[in-house]
Amino acid sequence: MNTSAAPHAVETAGLCRKFGSKLALNQVSLQVRRGRVFGLVGANGAGKTTLIKHLLGRLKAQSGSVRVFGFDPVADPVAVLSRIGYLSENRDLPGWMRVDELLRYTAAFYPKWDPAYAEELRRQFGLEPRAKIKTLSRGENAKAGLLIALAYRPELLLLDEPSSGLDPVVRRDILEAIIRTVADEGRTVLFSSHLLEEVERVADDMAMMFNGRVVLAGPVDEVKENHHRLVLRFDSPQSSAPKVPGVLSLTGGGQEWTAICNGKRDEAVAAAARAGGRVVAEGSPSLDEIFVAWAGAKSE
Amino acid sequence: MHTPAAALTWELWRRHRTRLLAIVGLVLGFALVYPSLCARMGFNPSSPNALDEFFRNFVARKGSGLSLLPFLQLLYAMFLAGGPALAMILTLLLMTWMFTFTEFDPKTREVMRFPARLFTLPVSTPFLFWWLWLGGMAAMAMLYGSWVYFVPQPRFFEIEAYQNWFAWMTFLALAQGLAWALAAWPNTRMVLLLALLFALLISPAWSDITRSPILLTSLFVLGSALARVGLQRMRHGQWQGWTWPRPFATLFARTELRGPKRFASPAQAQLWFEWRRSARGLCFIAAVLAAMPLVLYLVLRVVTGPRLFLRADIILSLAGYLVVIPLLLHFCFSLSPARTDVSFLMLRPLTNGQMMMAMLKTAAISAIFSWLVVWAALAALPALGDFGEVKKAAPIPPQYLTIILPGLILVSWRFIAVNLCFVWSGGRQLAGLPVLMMVALYAGAMALSVLSRNPAFWNSFWPLVPRLLVCLIAAKFLLAFLAFRLCLKCGLLAPSAVLGYLAVWTLLAAALLIPTAILLHATPRLVPGLLGIVLLIPLARIGFCPITLAWNRHK
Amino acid sequence: MQLHVSTGDGVPIYWQIANQVKYLVASGRLAPGDEIPPIRVLAHQLLVNPNTVARAYLELEREGVVHKRHGSGTYISDTGSPLARKERLKILSERVDALLAEARHLHVEPLELLRLIKERSQSIQPKEDK
């Protein structure tokens with residue numbers, strides 16, 4: 001049975017992971033639907049890479065379950081890995097291989113490898129076939145990794161901070177690859193990123209993690225519609241951020257403060273009125289602002 | 001830490017703390033224990049005839065056929081005769097490495113690099129140089145002095161290493177010079193450093209160099225100057241390495257066997273991977289090392305004329321050198337901990353069994369190939385000089401070669417095969433376990449030979465040996481059974497793979513047991529010999545390999 | 001068709017696309033009957049999710065700016081929008097409310113606002129019109 005009948009590409013339930021005394025993942029339950037782009041967002045050390053390692057079978061779930069296309073990555077690594085195209089932020093391609101050797105070697109593992117497509121990608125990325133991988137620059141290394149992840153049209157494209165440290169040209173290539181993958185029927189993309197601008201552009205669904213917990217999950221449009229940015233003007237200058245319950249974060253100074261709230265807009269306005277402030281402007285925050293607001297809220 | 005010098009000294013201490021303590025421990029250990037060990041054996045190291053006496057006793061007691069007791073005593077005597085010298089040379093080499101201040105670079109993961117962060121500190125290059133140079137000289141002198149004065153030196157033959165403290169200073173200067181001046185040419189540097197090592201330890205020419213103070217002094221000055229200049233150039237990036245296309249690399253790339261256009265299966269691709277990654281390099285190094293003396297001989301012959309006939313002792317040392325090459329290469333390779341390639345491999349849709357098989361197969365290929373090359377070189381030796389000494393030192397009847405040759409291949413392969421389960425467990429310290437095991441075995445043999453001085457003990461012990469071997473073999477089979485059963489239960493290996501391993505194991509065992517039984521059927525050492533062979537062929541640790549690999553892969 | 005989307009200013013991307021298409025139609029750079037690129041192509045060009053582009057096209061179709069022709073592509077509608085005049089005015093009145101609120105905040109009188117509207121209307125009108 002080549003493609004499994006599981007409804008979700010990735011499904012984790014109550015996943016927990018401890019490293020020593022540090023709780024890296026805390027009851028993480030996610031569903032990644034097929035055919036959609038899923039963006040995983042979080043601060044450094046929030047647990048994104050740990051989660052992705054669980055999907056690849058590099059870490060064994062201490063409690064809870066992980067299923068990729070219905071398979072357990074630890075019990076059935078071949079079934080899972082042959083459906084995943086993975087690009088990590090550590091470039092761990094063997095430095096002694098040449099690019100053409102890398103292609104030939106990787107092709108042997110994936111029956112759906114398309115040599116014509118691989119060649120087209122290689123030419124598009126501008127990679128010399130006889131160049132040794134250890135002589136490639138950082139961007140070319142990322143492109144080589146992306147090339148062998150794309151060439152067999154995997155059902156799930158898994159990218160762990162793919163754009164870290166790369167120039168805008170390579171970042172465009174990666175975004176194009178993501179879009180091309182999902183535009184083909186039924187293929188899924190899961191990527192973790194700090195660049196929220198990219199997540200806003202290409203992601204259908206997203207999840208935000210802090211300290212190992214998922215604090216937000218859902219379609220990107222919904223997340224953005226649920227958050228509101230209110231500019232509050234207080235009667236008297238405030239020396240420190242006034243306490244307004246229902247608001248995620250409050251930044252500013254003097255009489256005018258910017259509040260970001262999640263969903264409970266009317267309650268926030270009422271609470272602000274009780275604290276002596278009124279709304280003078282309103283808008284939709286960007287994902288970046290939402291993220292920073294949540295980070296501020298979580299650190300308290 | 002108030003001064004840069006103090007800070008740098010602290011860094012050196014901190015980085016090599018365990019090694020420095022080990023060196024001190026070794027010196028103290030030898031100083032305190034060695035004299036009593038010699039006394040126990042009736043071995044007087046200060047007597048110039050000690051070794052001759054011992055060999056005479058050894059030959060007299062050996063008789064005909066294989067016998068364990070004199071063999072153990074030979075091991076013990078080897079330790080007594082060579083132990084201090086070997087320890088001294090190793091510690092001095094370690095000290096040299098510490099004062100070249102190179103470290104393992106995590107970025108390239110291969111090359112010994114001088115830490116570039118030192119160059120970003122506000123210290124001048126002359127300061128760095130003088131601190132490392134003076135520190136190194138002082139440390140070498142102190143270490144050499146402690147070895148010479150605290151540990152009794154064997155005087156029965158001249159060990160070059162003891163002759164000349166200034167020779168060791170020169171060695172340090174040259175090592176620093178090569179390490180720093182050739183930092184941009186890592187492969188060339190490695191070759192030259194090995195050649196320097198070879199010259200110091202093995203070649204008879206070293207004694208001629210050390211006897212001539214002019215030559216030694218000029219080498220010392222050359223080394224120091226090279227070190228000073230090299231450090232400066234390294235700091236300012238003035239020497240960049242090969243900037244023109246390297247002729248060998250392009251030639252090699254063009255003529256190398258291309259391999260199949262498409263791999264027929266993942267197993268074949270993995271075999272190619274392991275071959276390219278390591279086995280190809282191993283075979284190449286073995287071929288080069290084996291061919292080097294022959295090439296040198298040809299060159300010398302062209303220079304000096306057709307009458308060149310090498311002395312018996314040179315031929316003997318060449319033979320010894322050739323035999324050691326594959327064993328040492330495979331042993332050193334087996335210790336190398338898993339590198340980044342493993343994290344790349346673990347993400348391929350490859351089963352643990354397939355990874356293991358590919359590694360075992362390529363290890364077998366490299367073992368066979370390197371021994372073939374060495375035997376070809378050995379076969380060419382009689383043409384170079386007086387082969388008589390070799391025949392006398394190792395009087396092996398030709399029919400024993402049918403066991404010894406395959407046995408040596410097996411031993412080389414075995415180094416890699418049994419260490420896989422440690423290397424792939426992901427623990428860097430664990431990969432070095434075989435060294436500890438060898439040291440433990442050697443110490444055990446020595447303890448046994450001390451105990452054997454008591455004839456009553458020996459007579460009651462010797463008949464126990466076959467039974468002991470049987471127990472060990474039973475334990476090995478039990479472990480193997482448990483390991484394979486666990487693999488099958490957890491689905492780490494397919495039943496066909498397990499049967500395959502067992503079939504190969506049986507074939508190997510039979511290939512060695514049958515000739516041994518035929519050849520030794522007359523002697524009473526048959527049973528221990530057969531049991532020893534069965535013990536030697538690895539099974540248990542290969543069974544554990546998929547388990548440790550799975551443990552590392554799915555942490 | 002050259003569009004430009006930017007993230008981070010709070011306006012949903014599909015809204016930006018729809019608006020820009022409407023602007024292009026209004027300023028004459030897209031004439032009725034012109035074909036606009038398929039969803040995949042535009043997604044590639046702008047580097048946005050195809051679903052976002054699909055949503056923008058859906059919005060445009062709903063408002064009658066474009067129409068699909070037997071699955072062979074999407075084309076700009078004739079200026080006769082199928083929407084009744086009442087509905088069209090209702091859509092616009094919401095925008096007018098927002099504009100009036102903004103003007104009040106900025107202390108701009110409604111008369112001045114009317115003058116501004118006239119000015120802008122003349123500058124973006126295609127040259128063939130009077």
Side-chain angles (χ1 to χ4, degrees), chain A residues 17 19 50 52-62 66 71-88 90-98 100-111 113 115 129-135 145 148-149 152 154 158 160, chain B residues 105-111 241 245-246 249-250 252-254 256 258-278 280-281 338-355 358 426 490-492 494 549-555:
Chain A
R17 179 75 196 187
F19 288 119
T50 313
I52 291 183
K53 280 197 170 157
H54 277 94
L55 300 181
L56 292 167
R58 289 293 276 130
L59 289 175
K60 199 164 162 165
Q62 283 171 347
V66 181
F71 297 105
D72 181 355
V74 175
D76 212 342
V78 180
V80 165
L81 290 172
S82 55
R83 292 178 164 79
I84 292 185
Y86 174 63
L87 177 66
S88 90
N90 325 320
R91 320 297 173 188
D92 46 5
L93 298 176
W96 51 267
M97 265 200 207
R98 295 196 311 257
D100 59 352
E101 289 175 337
L102 178 66
L103 291 178
R104 227 180 331 145
Y105 170 73
T106 319
F109 293 97
Y110 303 100
W113 182 277
R130 300 199 72 93
K132 281 213 164 175
I133 289 182
K134 67 178 170 214
T135 61
I148 59 169
Y152 52 95
L158 191 54
D160 188 0
Chain B
D105 179 12
K107 197 158 67 103
T108 58
R109 268 170 230 272
E110 288 162 12
V111 175
R246 287 146 68 188
T250 44
F252 196 51
R254 220 175 284 145
E256 73 174 315
R258 295 300 303 265
K261 262 293 160 211
R262 259 190 104 96
F263 292 117
S265 67
Q268 198 187 34
Q270 192 56 24
L271 192 63
W272 170 87
F273 181 92
E274 292 293 354
W275 162 255
R276 270 289 264 124
R277 168 159 69 124
S278 41
R280 191 177 76 158
R339 293 166 286 178
T340 38
D341 292 347
V342 179
S343 70
F344 171 76
L345 278 181
M346 287 184 181
L347 294 173
R348 304 300 111 198
L350 196 59
T351 60
N352 300 330
Q354 281 172 324
M355 265 195 243
C490 296
L492 294 168
L549 185 56
W551 179 81
N552 189 17
R553 199 174 183 179
H554 311 292
K555 282 218 168 73

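Computed over heavy atoms, backbone and side chain alike; hydrogens, waters and symmetry mates excluded. In the text below, chain A, chain B and the rest are named by the order of the sequence lines, each starting its count at 1.
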- Message: If I take atom CZ from residue B:R348 and atom OH from residue A:Y105, how far apart are they, to the nearest 0.5 angstrom?
- Response: 7.0 Å
- Query: Tell me, side chain or backbone of A:I148 under 4.5 Å from chain B's heavy atoms, or both, or neither?
  - Reply: side chain
- Task: Looking only at non-hydrogen atoms, find the nearest pair between B:A269 and A:A108 and report the distance.
- Result: CB-CB, 3.4 Å
- Query: Does the side chain of B:F273 come within less than 4.5 Å of A:E101's, by heavy atoms?
  - Reply: no
- Message: Please classify the contact of A:T106 with chain B as side chain, backbone, both or neither, using a heavy-atom distance under 4.5 Å.
- Response: side chain
- Item | For A:Y86, all residues meeting ring pair (Phe, Tyr, Trp, His ring centres under 6.0 Å), sequence neighbours excluded | none
- Would you give the length of the straight line joining atom OG1 of B:T351 to atom CG of A:L81, rounded to the nearest 0.5 angstrom? 11.5 Å
- Note on the structure: Tightest non-hydrogen contact, residues B:R277 and A:W96, listed as CB-CZ2, 3.5 Å
- A:L102 versus chain B, heavy atoms under 4.5 Å apart: side chain, backbone, both or neither? side chain
- Select one option (side chain, backbone, both, neither) describing which atoms of A:P115 are under 4.5 Å from chain B's heavy atoms. side chain
- Check whether any side-chain heavy atom of B:H554 lies under 4.5 Å from a side-chain heavy atom of A:P73, and answer yes or no. no
- Task: Determine whether B:L347 and A:L56 make a side-chain contact, defined as any pair of heavy atoms from C-beta on separated by less than 4.5 Å.
- Result: yes
- Query: Looking at A:R58, A:K60, A:H54, which one has more heavy-atom pairs under 4.5 Å with chain B than the rest?
  - Reply: A:R58
- Item | Results of salt bridge (charged side-chain N to carboxylate O under 4.0 Å, His left out) for A:D72 - residues two or more places apart only | A:R67
